[in-house]
Amino acid sequence: MESKYVKHKRRKENMIGILFSLPAILGFICFALGPMLASLVLGFTEYTTSSSPHFVGLENFKRMFSGQDTFFYQALSVTLHFAVMNVIVCMTTGFAIAMLLDHRSMRFRPFFRAVFYIPTIIPYVATAMVFMWMMSPDFGLFNIILKGLGFTGSKWIYSESTVLRSLLLITSWTAGNVMVVFLAGLQGVPRQLYEAVEVDGGNSLHKFMYVTIPMMTPIVFFNGLMFLIASLQGFMPAAVITAGGPNNATLFYTYYMYRQAFEFSNMGYASALGWILFVVIAIITGIVFKTSKYWVFYSDEE
């Protein structure tokens with residue numbers, strides 16, 4: 001049985017914890033939960049900036065799925081396609097850089113870590129302007145290099161067939177945050193496991209396949225899921241670089257939602273679009289969590 005003093009002390013500690021958490025709780029209710037519930041209500045209305053909300057039931061959602069909105073499926077397809085490619089490219093790039101920087105014999109490691117991380121803290125607009133200049137079909141640095149090597153120049157972000165791949169090049173440039181998490185995970189892998197592989201006659205490939213990859217699966221799971229969610233909500237590449245073009249090839253879902261809300265003033269329809277994206281992200285997240293037990297291994301498991 002707990003004494004009255006212990007109960008009082010525990011109750012006091014709980015109250016202190018709640019008080020310290022109260023700013024975050026109030027911030028979530030006021031700035032996240034409140035707007036989310038408001039957008040859910042608006043999703044069932046016809047609401048523009050020039051008129052009051054008018055309840056229309058499921059008409060906004062029927063408009064999406066019935067094909068009346070010709071851009072809905074295109075925006076969803078473009079977003080899913082880009083998100084999958086972006087996760088693969090940026091995860092691979094970040095992991096490869098982390099592997100290179102994990103070598104203890106490497107000189108100037110702190111310097112190279114800073115070099116690869118700095119692009120992530122540069123404002124996206126500045127990065128975009130530089131890449132738009134380098135990808136210019138007429139006088140861009142990339143085409144100058146390609147032509148100097150004897151290859152044909154590319155239209156990069158100005159062609160429907162190459163624009164998504166060009167955006168992947170830009171996003172992979174900012175994979176430093178993924179690299180940092182991978183590097184922290186690699187440095188947490190017990191070195192005695194690599195020594196055990198050496199004792200058994202294994203080489204570097206065996207170390208990578210049977211030690212590094214299994215031990216890094218929790219980091220891959222975390223990085224991959226966070227980056228996938230962020231990619232599905234991608235907005236800046238379309239808003240800053242391509243404006244959804246050429247020919248709607250980069251009509252990302254969030255950019256299309258932004259256009260419906262602030263260019264066409266369809267606030268109710270944009271709210272409905274937002275909740276569809278929420279459901280899509282929730283379903284994909286649930287699938288990833290459900291399948292993680294088959295490929296994610298934790299060190300405390302038998």
Side-chain angles (χ1 to χ4, degrees), residues 13-49 51-61 63-65 69 72 75-76 78-80 82-84 86-87 90 120-121 123-125 171 174 176-178 180-181 218-219 221-240 244 251-290 292:
E13 290 175 348
N14 290 338
M15 287 300 299
I16 292 174
I18 292 174
L19 287 175
F20 275 108
S21 304
L22 197 58
I25 295 172
L26 292 176
F28 172 76
I29 293 174
C30 296
F31 300 110
L33 183 60
M36 284 179 64
L37 295 177
S39 69
L40 178 60
V41 174
L42 291 176
F44 295 96
T45 66
E46 182 180 347
Y47 172 44
T48 65
T49 54
S51 64
S52 301
H54 172 67
F55 182 76
V56 294
L58 298 175
E59 287 302 317
N60 287 329
F61 299 95
R63 176 183 170 186
M64 296 179 209
F65 296 105
D69 183 355
F72 170 72
L76 193 60
V78 168
T79 302
L80 290 172
F82 177 79
V84 171
N86 197 32
V87 169
C90 290
T120 64
I121 62 177
Y124 188 87
V125 174
T171 55
T174 58
N177 51 354
V178 179
V180 169
V181 180
I219 310 297
F221 170 68
F222 172 78
N223 264 344
L225 183 59
M226 293 297 101
F227 212 78
L228 178 61
I229 293 173
S231 298
L232 289 170
Q233 300 177 77
F235 173 78
M236 292 299 288
V240 176
L251 186 63
F252 292 163
Y253 195 94
T254 52
Y255 182 68
Y256 179 57
M257 186 167 59
Y258 163 82
R259 291 181 63 182
Q260 285 290 341
F262 299 105
E263 291 187 16
F264 308 138
S265 300
N266 296 326
M267 296 294 183
Y269 188 64
S271 299
L273 286 171
W275 275 94
I276 294 299
L277 179 61
F278 173 81
V279 172
V280 169
I281 292 176
I283 292 174
I284 293 175
T285 302
I287 293 173
V288 173
F289 268 98
K290 191 69 175 179
S292 64

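In this text, all values refer to a predicted model and were calculated from it rather than measured experimentally. Below, each value reflects all heavy atoms present in this structure, side chains not excepted, and no hydrogens, waters or symmetry copies. Position 1 is the first residue of the sequence; numbering continues from there.
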*Check A83 against L228 and note the closest heavy-atom contact, atom names and distance.*
CB-CD1, 4.1 Å
*Could I get the full list of side-chain contact (heavy atoms from CB on, under 4.5 Å) partners for N177, not counting sequence neighbours?*
Y117, T120
*Would you give the length of the straight line joining atom CZ of F31 to atom CG of L26, rounded to the nearest 0.5 angstrom?*
9.5 Å
_Please give me the minimum heavy-atom distance between L19 and P23, naming the atom from each residue._
O-CD, 3.5 Å
_L58 vs F44 side-chain heavy atoms within contact, under 4.5 Å_ = yes
*CG-CD1 distance between N223 and I219, expressed to the nearest 0.5 angstrom*: 7.0 Å
*Decide yes or no on side chain to side chain contact (heavy atoms under 4.5 Å, CB included) for I284 and L80, but give the supporting numbers first.*
CA-CA 11 Å; I284 293 175; L80 290 172; 4.1 Å; yes
*What is the minimum heavy-atom distance between A238 and F252, and which atoms define it?*
CB-CD1, 3.9 Å
*Around atom CZ of F278, are there more than 12 heavy atoms of other residues, nucleotides or ligands at under 6.0 Å?*
no
_side-chain contact (heavy atoms from CB on, under 4.5 Å) against N86, all qualifying residues, sequence neighbours excluded_ = F82, C90, L168, T171, F227, S231
*Would you name the heavy atoms of Q260 and A270 that are closest together and state the gap between them?*
CB-CB, 4.2 Å
*In chain order, what residues pass the side-chain contact (heavy atoms from CB on, under 4.5 Å) check against M64, with sequence neighbours excluded?*
F61, F72, Y269, A272, L273, I276
_How long is the straight-line distance from CG of L33 back to CD1 of I25, given to the nearest 0.5 Å?_
12.0 Å
*Is there a side-chain contact between F55 and E46, using heavy atoms and a 4.5 Å cut-off?*
no
_Flag side-chain contact, heavy atom, 4.5 Å: P237 against Y255_ = no
_side chain to side chain donor-acceptor pair (under 3.5 Å) pairs, two or more places apart, involving residues 18-44_ = S39-W275
*Output all residues satisfying salt bridge (charged side-chain N to carboxylate O under 4.0 Å, His left out) with E263, sequence neighbours left out; order by chain, then residue number.*
R259
*asked:* Parallel, tilted or perpendicular, judged at 30° and 60°: which one describes the rings of F289 and F221?
replied: perpendicular
_Atom pair OH/CG of Y256 and L76 - distance to nearest 0.5 Å_ = 11.5 Å
*Would you please name every residue forming a side-chain contact (heavy atoms from CB on, under 4.5 Å) with T45, sequence neighbours left out?*
L42, Y47, P53
_Interatomic spacing from CE in M226 to OG1 in T285 - rounded to 0.5 Å_ = 7.0 Å
